[in-house]
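As the structure lists them, so they are numbered: ligands from 1, and atoms in each ligand from 1.
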Amino acid sequence: MAFITRQNIRSLSSSAALRAAIKHVTVIGGGLMGAGIAQVAASTGHSVVLVDTSEDILKKSTKGIEASLKRVAKKKFAEKPEDGEAFVQKVLKNISTSTDAVSVVQGTDLVVEAIVENLKVKQDLFGALDKAAPEHTIFASNTSSLPIADIASSTARLDRFGGLHFFNPVPMMKLVEVIKAPATSQQTFDALLEFSKALGKHPVSCKDTPGFIVNRLLVPYMLEAVRLHERGHGSKEDIDVAMKLGAGYPMGPFELLDYVGLDTSKFIIDGWHEKDPDNPLFAPSPLLNKLVAEGKLGKKTAWVRNLLQTQNVNNSPENT
Ligand SMILES: CC(=O)CC(=O)SCCNC(=O)CCNC(=O)[C@H](O)C(C)(C)COP(=O)(O)OP(=O)(O)OC[C@H]1O[C@@H](n2cnc3c(N)ncnc32)[C@H](O)[C@@H]1OP(=O)(O)O
Ligand SMILES: NC(=O)C1=CN([C@@H]2O[C@H](COP(=O)(O)OP(=O)(O)OC[C@H]3O[C@@H](n4cnc5c(N)ncnc54)[C@H](O)[C@@H]3O)[C@@H](O)[C@H]2O)C=CC1
């Protein structure tokens, strides 16, 4: 039985205040991860603005969110499909889109960045947002592999900057790694933990170390599978089947690389290799490099091709 003490009341009310504090969320990057984060935040009653670089991308992101919500609704409201449709429409109403990050952050409590895995690009974005966002706004990066402290260094709000690392597909994966960089305040860290719980996720606390917990283990494993194949020790199909049936993983390493994105996986491994060139776990893979150079990025390739086609149509003389 829990006794109500003054300390309990204090901690309950401060956690309720933190939960209440994050109402409006700006998600930057409407790709694989950003669309999922926006969907989950909107599904849990947050008001969300999703930002990307073009209206075409945002249209695709919104379509993807709608399709994913329908999958969720199909299960959640199996008995009452009409409630499922109402749920989808209600969640979509919580999401608006913009191509102007600087103007939308002016009224936001939390920025979650999920753009390309490149330190300079992330720093430039946060540097610009820092000047426009209110004092209380917390900044968080969904980076897979970059130090949060390095990204935060482009801002003057080191205490209000942390990591929120979600997993793909965001609507299905329960984990969020919450990263406390050396300068992240306890209040910010607690607010990020509370926010993750408010999304229905299970947060774990991480230090600001390369790959945090999951990717420090998962990325070397996926790359070792590629090397195993490059050495001629197994076909891609057999390696995938072996890890699914022999180790109980839901996807084999090649399926997972395809799912995460070959470009993102390459950004991660190249960045770590640059910092720690003697570590054989971080050795670049010729096969991965070749596929990325050919524009074969995995599951997202069809999405990107589709988008380029749409842009070509929109830019064609008939449409101008
Ligand atoms: C790189 C990084 O920084 C970090 C990372 O993210 S690493 C990657 C981490 N992710 C993983 O390891 C994913 C491993 N894979 C899995 O867990 C599972 O394969 C999976 C959840 C993705 C799919 O599950 P599955 O049973 O294999 O396949 P599938 O039959 O397609 O899906 C089952 C149900 O999940 C749900 N689902 C799957 N993806 C969904 C999505 N994007 N949105 C909504 N629902 C989804 C649906 O309800 C689906 O049922 P329907 O087909 O009826 O719609
Ligand atoms: N793919 C994965 O499985 C996971 C990726 N991540 C991380 O999440 C981040 C995003 O990854 P993905 O969603 O996979 O990438 P993605 O390539 O699918 O999407 C990135 C999106 O950001 C947009 N973008 C780029 N620069 C921008 C800018 N300056 N302003 C606004 N939008 C911009 C792009 O147009 C694109 O739509 C990366 O840091 C990645 O490491 C984290 C967890 C899992």
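Looking at I57 against ligand 2, only its side chain comes within 4.0 Å, counting heavy atoms. Residue contacts with ligand 2 for L146 are absent, since no atom lies close enough (heavy atoms, distance under 4.0 Å). Of all the heavy atoms of T264, the ones lying under 4.0 Å from any atom of ligand 2 belong exclusively to the side chain.
One finds a salt bridge joining E294 and K296 here, because a Lys/Arg side-chain nitrogen approaches an Asp/Glu carboxylate oxygen to under 4.0 Å. A salt bridge links D124 with K120: the closest approach of a Lys/Arg side-chain nitrogen to an acidic carboxylate oxygen falls below 4.0 angstrom. Ion pairing between a basic and an acidic side chain is recognised when a charged N comes within 4.0 Å of a carboxylate O; K122 and E117 show such pairing. D83 has no carboxylate O lying under 4.0 Å from a charged side-chain N of K74, or vice versa, which leaves the two without a salt bridge. A salt bridge does not link E55 with K59: every distance from a Lys NZ or Arg NE/NH1/NH2 to an Asp or Glu carboxylate oxygen is 4.0 Å or more. Here E224 pairs with R227 in a salt bridge; the nearest charged N to carboxylate O distance falls below 4.0 Å. In summary, D208 and K180 do not engage in a salt bridge, as defined by a charged side-chain N under 4.0 Å from a carboxylate O.
At least one test fails for R160 against the ring of F139: distance under 6.0 Å to the centre or angle within 45° of the axis. Both tests pass for K76 against the ring of F87: distance under 6.0 Å to the centre and angle within 45° of the axis.
Distances between N or O atoms of D52 and those of ligand 2 include at least one value under 3.5 Å. For ligand 2, the polar-atom distance check finds no N/O of G34 at less than 3.5 Å from any of the ligand's N/O atoms. Backbone and side-chain nitrogen or oxygen atoms of E113 are examined, and none is located within less than 3.5 angstrom of a nitrogen or oxygen of ligand 2. At least one N/O-N/O distance between K122 and ligand 2 falls below 3.5 Å. Checking only distances, S144 does come within under 3.5 Å of ligand 2, N or O to N or O. Where the criterion is an N or O separation shorter than 3.5 Å, residue side chain and backbone included, V121 fails it with respect to ligand 2. Of the N or O atoms in Y259, none lie within a sub-3.5 Å distance of an N or O in ligand 1. Close N/O approach between D263 and ligand 2 is not found [any backbone or side-chain N/O within under 3.5 Å].
The protein non-hydrogen atom at the shortest distance from atom 9 (C) of ligand 1 is N168 O, 3.5 Å. For atom 12 (O) of ligand 1, the closest non-hydrogen atom of the protein is L256 CD1, 3.5 Å. Protein heavy atom nearest atom 2 (C) of ligand 1, with residue, atom name and distance: N215 ND2, 3.3 Å. At the top of the distance list for atom 18 (C) of ligand 1, counting protein heavy atoms only, stands P250 CB, 4.0 Å. Given atom 52 (O) of ligand 1, the protein heavy atom at minimum distance is R71 NH2, 3.6 Å. If you check which protein heavy atom lies closest to atom 1 (C) of ligand 1, you get V260 CG1, 3.6 Å. Nearest non-hydrogen protein atom to atom 35 (O) of ligand 1 is M172 CE, 3.5 Å.
By the 30° and 60° cut-offs, the orientation of the rings of F126 relative to F161 is perpendicular.
Counting the atoms of ligand 1 from 1 in the order shown, those under 4.0 Å from a heavy atom of P169 are 22 (C), 42 (N). The contact set between ligand 1 and M251, taken as ligand atoms under 4.0 Å from a residue heavy atom, comprises 14 (C), 15 (N), 19 (O), 22 (C). Heavy-atom contacts of K75 reach the following atoms of ligand 1: 34 (C), 47 (C), 48 (O), 49 (C), 50 (O) (cutoff under 4.0 Å). Those atoms of ligand 1 with a heavy atom of F167 less than 4.0 angstrom away are 4 (C), 5 (C), 6 (O). Near L218, meaning under 4.0 Å from any of its heavy atoms, are these atoms of ligand 1: 7 (S).
The option from I115, T99, I37 that lies nearest to atom 26 (N) of ligand 2, judged by heavy atoms, is I115. With atom 44 (C) of ligand 1 as the reference point, the heavy atom nearest to it among G64, G252, A67, S68 is part of S68. The heavy atom nearest to atom 2 (C) of ligand 2, considering only L256, I268, V260, is found in V260. Evaluated by nearest non-hydrogen atom to atom 30 (N) of ligand 2, the leading choice among I28, L58, D124, L218 is I28.
Note that atom 23 (C) of ligand 1 has no protein non-hydrogen atoms nearby, at separations under 4.0 angstrom. In this structure, atom 30 (O) of ligand 1 has its sub-4.0 angstrom surroundings free of protein heavy atoms.
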- Pair Q39-S68, side chain to side chain donor-acceptor pair (under 3.5 Å): steps then yes or no: CA-CA 8 Å; Q39 175 183 331; S68 172; 2.9 Å; yes
- Given side chain to side chain contact (heavy atoms under 4.5 Å, CB included), test E177 with L175 step by step and report yes or no. CA-CA 7 Å; E177 292 179 327; L175 187 73; 4.1 Å; yes
- Would H46 and N94 count as a side chain to side chain donor-acceptor pair (under 3.5 Å) if you check the C-alpha gap in whole Å, the side-chain angles of each, and the deciding distance to 0.1 Å? CA-CA 7 Å; H46 298 85; N94 287 345; over 6 Å; no
- Show the numbers, then the answer: is there a side chain to side chain contact (heavy atoms under 4.5 Å, CB included) between L199 and F166? CA-CA 11 Å; L199 299 187; F166 291 83; 3.6 Å; yes
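Under a 4.0 angstrom heavy-atom cut-off, F166 registers as being in contact with ligand 2. In this structure, A101 falls outside the shell of residues with a heavy atom less than 4.0 angstrom from ligand 2. Residue H165 places a heavy atom under 4.0 Å from ligand 1.
Cluster annotation: V27 is connected to L69 through the hydrophobic network of ILVMFWY side chains, with a link wherever side-chain heavy atoms come within less than 4.5 Å.
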